S.K.: 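The structure that follows is given in the form of structure tokens.
Just so you know, ligand 1 is whichever comes first in the structure, and atom 1 is the first atom listed for that ligand. Fair warning: this is a prediction, and the values are worked out from it, not measured in the lab.
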Amino acid sequence: MSNENKSIHEFDFNIICEYFSGLERQGPGTPEQTIKALSFIDNLTTESRIADIGCGTGGQTMVLAQHAPGVITGIDLFPRFIELFKANAAKLNLQERIKGIVCSMENLPFQMGELDLIWSEGAIYNIGFERGLNEWRKFLKTGGYVAVSEASWFTEERPAEIDAFWQDAYPEIDTIPNKVAQMQKAGYIPVATFILPEHCWTEHFYALQVTAREAFLKKHAGNKAVEAFIACERHEALLYYKYKAYYGYVFYIGKKI
Ligand code: SAH
């Protein structure tokens, strides 16, 4: 790759980061769904060690800390997100129980068997569902839990347009029973799965982005890369509205055997 390409790539990365920094959540989800997923987990005490992997600016981490005991370590690759994450924890006076670390989910800083719970909303796709479940397992105690949300197909078949979009964006998207089988094979008891309601995308994730997009375009008026990025985000949202009967986000909760 030439240097020119590399700098374009880095610029895009900065655009993505700046855009999502302004949003409360960087993926679909709500406090209610975080609390619902938490209701399947029964092993937590004030001594518990929890990791929130791909935590972003910490929307779901703050909810976790307010509804579960223990100490939470948020992990994200983007330093700006971790900065905002720490500020959010401090605002809620949760800084004693919530730590943030800039680190890759491919190289986690935990000891074997250290964790009681691994949380990851809308982020495991970055390493891949199967690889993440397999590689992260060693950090959990026996009887520890994993709770992740992941894009999944609702049906065996779907229209070509949306199939092609996802094969390009994330070919590991699969049906719920296939994902559950992967979880079982990775060494977890599949404890629960549930589909995130549509309003997590429509009212929360995408609707909030409508104003964010306008403001972002205005701020970067004339910037072609920003325009292309926003067009891409709009396209993704439009596809969701058109094909939401066929896919969505699903929470998968498993217990390490
Ligand atoms: N959990 C948050 C953010 C989801 S977006 C929420 O639900 O709102 C996905 C997050 O994964 C982003 O914050 C992104 O910075 C992070 N990420 C991407 N690749 C990563 C990697 N290799 N290691 C750690 N975090 C990563």
S.K.: Looking at G56, which atoms of ligand 1 are within less than 4.0 Å of one of its heavy atoms?
M.R.: 13 (O)

S.K.: If the cut-off is 4.0 Å to any non-hydrogen atom of C55, which atoms of ligand 1 fall inside it?
M.R.: 1 (N), 2 (C)

S.K.: For atom 25 (N) of ligand 1, what's the nearest protein heavy-atom neighbour? Residue, atom name and distance, please.
M.R.: L77 N, 3.3 Å

S.K.: My understanding is that we take every heavy atom of each candidate and find the minimum distance to atom 5 (S) of ligand 1. Doing that for G132, G122, S21, C17, which one comes out nearest?
M.R.: G122

S.K.: Tell me the protein heavy atom at minimum distance from atom 12 (C) of ligand 1, and give that distance in Å.
M.R.: D76 OD2, 3.5 Å

S.K.: For ligand 1, note which part of F20 has a heavy atom under 4.0 Å away: side chain, backbone, both or neither.
M.R.: neither

S.K.: Give the atoms of ligand 1, by number and element, whose distance to some non-hydrogen atom of C103 is under 4.0 Å.
M.R.: 23 (N), 24 (C)

S.K.: Within this structure, what is the CZ-OG distance for the pair F194 and S149, rounded to the nearest 0.5 Å?
M.R.: 8.5 Å

S.K.: Considering non-hydrogen atoms of the protein only, which is the closest contact for atom 7 (O) of ligand 1, and what is the distance?
M.R.: R25 NH2, 2.9 Å

S.K.: Can you tell me the protein heavy atom closest to atom 6 (C) of ligand 1 and the distance?
M.R.: Q60 OE1, 3.1 Å

S.K.: Any chance the rings of F20 and F81 have centres within less than 6.0 Å?
M.R.: no

S.K.: E121 versus ligand 1: do any nitrogen or oxygen atoms come within less than 3.5 Å of each other?
M.R.: yes

S.K.: Would one find more than 12 heavy atoms of other residues, nucleotides or ligands at under 6.0 Å from atom CD of E227?
M.R.: yes

S.K.: I need the contact type for P28 against ligand 1. Using non-hydrogen atoms and a strict under-4.0 Å cut-off, is it side chain, backbone, both or neither?
M.R.: neither

S.K.: Is there a polar contact between ligand 1 and M105, counting only N or O atoms under 3.5 Å apart?
M.R.: yes

S.K.: F78 heavy atoms, cut-off 4.0 Å: which ligand 1 atoms fall inside?
M.R.: 15 (O)

S.K.: Suppose we call two aromatic rings close when their centres sit under 6.0 Å apart. Are F229 and Y19 close by that rule?
M.R.: yes

S.K.: For F40 together with F251, are the ring centres under 6.0 Å from each other?
M.R.: no

S.K.: Nearest protein heavy atom to atom 19 (N) of ligand 1, by residue and atom, and its distance?
M.R.: N126 CG, 3.3 Å

S.K.: Counting only heavy atoms, which portion of S120 has something under 4.0 Å from ligand 1: side chain, backbone, both, or neither?
M.R.: neither

S.K.: A side-chain contact here means heavy atoms from C-beta on lying under 4.5 Å apart; do Q184 and Y188 qualify?
M.R.: no

S.K.: Are E233 and R213 close enough for a salt bridge, meaning some N to O gap below 4.0 Å?
M.R.: no

S.K.: Taking the side chain as everything from C-beta on, heavy atoms only, tell me whether W153 gets closer than 4.5 Å to D163.
M.R.: yes

S.K.: Any carboxylate oxygen within less than 4.0 angstrom of a Lys/Arg side-chain nitrogen, looking at R80 and E18?
M.R.: no

S.K.: Quick one: nearest non-hydrogen protein atom to atom 3 (C) of ligand 1, plus distance?
M.R.: G54 O, 3.4 Å

S.K.: Pairs of nitrogen or oxygen atoms closer than 3.5 Å, one from Y125 and one from ligand 1: do any exist?
M.R.: no

S.K.: To which protein heavy atom is atom 22 (N) of ligand 1 closest, and what is the distance rounded to 0.1 Å?
M.R.: S104 OG, 3.3 Å

S.K.: Mind checking whether W119 and T34 have side chains closer than 4.5 Å, heavy atoms only?
M.R.: yes

S.K.: Between R49 and E114, does any NZ, NE, NH1 or NH2 come within less than 4.0 Å of an OD or OE carboxylate oxygen?
M.R.: no

